[in-house]
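It should be emphasised that the depicted structure is a prediction, and the values quoted were computed from it without experimental measurement. Numbered from 1 within each chain, the chains take letters A, B, ... in sequence-line order.
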2 protein chains.
Amino acid sequence: MPRTPRQPRAKATVNAIVEAGFLSLSEHGVQGTTTRHIADLAGVSVGSLYEYFANKEEVFEAMHHHMVAEVVAMVEPMTPALVKMEIRDLIKELLFGFRDLLEKNHGRYLRYMSYAAYFAPRNHMEPIQRLLMNLLLQYVIHNPRLARLGNLPAMGYIMINGGVFTVLRYLSEPNPTIGFEELVKGLGDMVAHFVEGELRKEG
Amino acid sequence: MPRTPRQPRAKATVNAIVEAGFLSLSEHGVQGTTTRHIADLAGVSVGSLYEYFANKEEVFEAMHHHMVAEVVAMVEPMTPALVKMEIRDLIKELLFGFRDLLEKNHGRYLRYMSYAAYFAPRNHMEPIQRLLMNLLLQYVIHNPRLARLGNLPAMGYIMINGGVFTVLRYLSEPNPTIGFEELVKGLGDMVAHFVEGELRKEG
DNA sequence: GCGGGAATCCGAATTGAATCCGAACAAACA
DNA sequence: TGTTTGTTCGGATTCAATTCGGATTCCCGC
């Protein structure tokens with residue numbers, strides 16, 4: 001039964017462990033990430049790790065929360081500006097921001113994501129999906145001509161997954177066959193054409 | 001150094017191990033899948049497992065090849081018929097086939113896929129991506145009006161990843177918010193509008 | 001159908017990582 | 001200062017992955 005850190009010193013320990021988790025994952029992958037390793041990188045002993053985390057898995061979960069929080073912290077302040085943009089610009093802005101976040105600190109989050117993304121037991125990506133679905137709704141509200149679009153949930157699901165996860169996959173590839181700009185442009189075109197096509201159909 | 005099975009008995013053993021791998025993964029997840037477990041399910045001893053596989057990872061790799069081979073075996077015979085279809089029908093046909101394959105045998109392949117990123121971080125989807133890229137090329141050859149489309153690699157990359165991975169993700173979700181038919185229809189519309197939009201732009 | 005070498009199979013022993021635990025150390029507080 | 005509570009430590013334990021030497025079965029020439 002892990003303990004909750006009360007004193008600042010303990011909070012620092014917990015934080016150091018989570019940071020070390022990202023580091024170790026980046027350096028050694030999932031298999032190579034041992035508790036001893038994490039503890040060493042964090043500058044604490046294994047015992048301390050187990051004071052705050054029931055097992056290694058919980059360290060990964062804490063890392064996950066950390067990362068989700070960062071994504072939210074990135075997207076939420078952007079939202080008011082995003083909803084006023086053209087679709088293609090919105091996508092460009094969002095995806096470049098996303099890439100920068102993922103590549104920050106030598107790709108720590110990216111490394112984590114590429115392991116967690118398909119790792120399906122519990123919907124790891126659900127909060128991010130919800131965040132983006134909310135952005136989509138805001139966008140529709142600010143652009144009433146889109147209100148005619150039918151089946152927003154399905155469209156959103158496809159655009160969000162198709163978009164975010166394609167980018168995630170792209171960034172994880174060792175030597176991609178296309179450039180990131182091309183990818184972003186293509187995704188922008190795809191979504192824009194989709195919306196236009198649907199509007200044409202509905203109208 | 002693992003040995004290659006020569007006698008039929010040994011081939012059966014190897015096969016049983018791979019099968020047991022899928023079973024164990026379905027039943028116990030990645031963490032719960034131990035070599036002892038796989039060996040037990042396969043009805044052989046741990047020692048035998050290590051006769052043919054250098055380590056547990058190699059068992060997963062064999063499973064992977066098995067699955068990729070099945071996907072190829074599904075798509076290749078369909079190709080001549082697919083290239084003659086409307087885009088929306090092609091997608092419907094392909095994705096329903098894909099779903100059926102993944103859900104065959106109580107979702108063994110699906111389970112495997114959703115864990116695959118865990119142990120196969122190196123381009124595990126590359127062969128499937130290539131297969132589908134080839135299908136796309138065939139399609140363009142049979143539908144010359146599409147030849148005007150610019151930047152086929154990028155379009156293909158987006159459609160294939162956006163499509164396949166969205167479906168994969170969808171099928172792994174415990175309680176999806178939309179129906180599979182909706183998803184497939186949406187993806188079909190998306191691709192169709194994309195192509196039409198691009199053609200309009202190019203023309 | 002018999003004998004010997006190769007192939008196959010086995011499972012106890014080894015190894016190393018994850019996890020637990022009780023003693024030592026530090027902080028809070030009276 | 002003494003006591004209580006929080007924190008850290010690292011050796012001891014447990015359990016899964018992998019190894020190894022020997023037993024068993026198959027194959028083929030006689």
Quickly work out the [X] [atom1] to [N] [atom2] distance and round it to whole Å.
{"X": "R6(B)", "N": "dG5(C)", "atom1": "CZ", "atom2": "P", "answer": "18 Å"}
{"X": "Q31(B)", "N": "dC15(D)", "atom1": "CD", "atom2": "C1'", "answer": "14 Å"}
{"X": "F53(A)", "N": "dC20(C)", "atom1": "CZ", "atom2": "P", "answer": "14 Å"}
{"X": "I17(A)", "N": "dT8(D)", "atom1": "CD1", "atom2": "P", "answer": "8 Å"}
{"X": "L49(B)", "N": "dG11(C)", "atom1": "CG", "atom2": "P", "answer": "14 Å"}
{"X": "N55(A)", "N": "dT14(D)", "atom1": "CG", "atom2": "P", "answer": "19 Å"}
{"X": "R3(B)", "N": "dT25(D)", "atom1": "CZ", "atom2": "C1'", "answer": "13 Å"}
{"X": "E57(B)", "N": "dA17(D)", "atom1": "CD", "atom2": "P", "answer": "13 Å"}

* Find which nucleotide of DNA chain D each of K56(B) and R9(B) is nearest to by heavy atoms, and output the residue with the more 5' nucleotide. => K56(B)
* Toward the 5' end of DNA chain D, by each residue's nearest nucleotide, T34(B) or P8(B) -> T34(B)
Any side-chain heavy atom of [X] sitting closer than 4.5 Å to one from [Y]?
{"X": "Y170(B)", "Y": "R99(B)", "answer": "no"}
{"X": "E173(B)", "Y": "Y157(A)", "answer": "yes"}
{"X": "S24(A)", "Y": "I38(A)", "answer": "yes"}

* For Y52(B), report the nucleic acid contact type (base, sugar-phosphate, nothing); a contact means any heavy atom under 4.0 Å. => sugar-phosphate
* Asked: Does any N or O donor sit under 3.5 Å from an N or O acceptor when you compare the side chain of Q7(B) with the base of dC26(D)?
  -> no
* Structure fact -> Residues P5(B) and A10(B): closest non-hydrogen pair is CB-CB, 3.6 Å
* **Residue-level proximity of residues 40-48 of chain A to DNA chain D when a heavy atom falls under 4.0 Å** => V44(A), S45(A), G47(A), S48(A)
Can you tell which of [options] lies closest to the side chain of [X]?
{"X": "T13(A)", "options": "dA17(D), dT8(C), dT8(D)", "value": "dT8(D)"}
{"X": "E51(A)", "options": "dT8(C), dC9(D), dA18(C)", "value": "dC9(D)"}
{"X": "Y50(B)", "options": "dC26(D), dC27(D), dA17(D)", "value": "dA17(D)"}

* Flag yes if more than 12 heavy atoms outside E103(B) fall under 6.0 Å of its CD atom; otherwise flag no. => yes
* To do: Decide if atom NE2 of H106(A) counts as having more than 12 heavy atoms of other residues, nucleotides or ligands within a radius under 6.0 Å.
  => no
* To do: Measure the angle between the two terminal helix axes of the helix from dG1(C)-dC30(D) to dA30(C)-dT1(D), five base pairs each, and quote it to 10°.
  => 10°
* Looking at R36(B), does any N or O in its side chain come under 4.0 Å of the phosphate oxygens OP1/OP2 on dA16(D)? -> no
Ion pair [X]/[Y], N-O distance below 4.0 Å:
{"X": "E181(B)", "Y": "K92(B)", "result": "no"}
{"X": "R148(B)", "Y": "E198(B)", "result": "no"}
{"X": "R108(B)", "Y": "E19(B)", "result": "yes"}
{"X": "K185(A)", "Y": "E182(A)", "result": "no"}

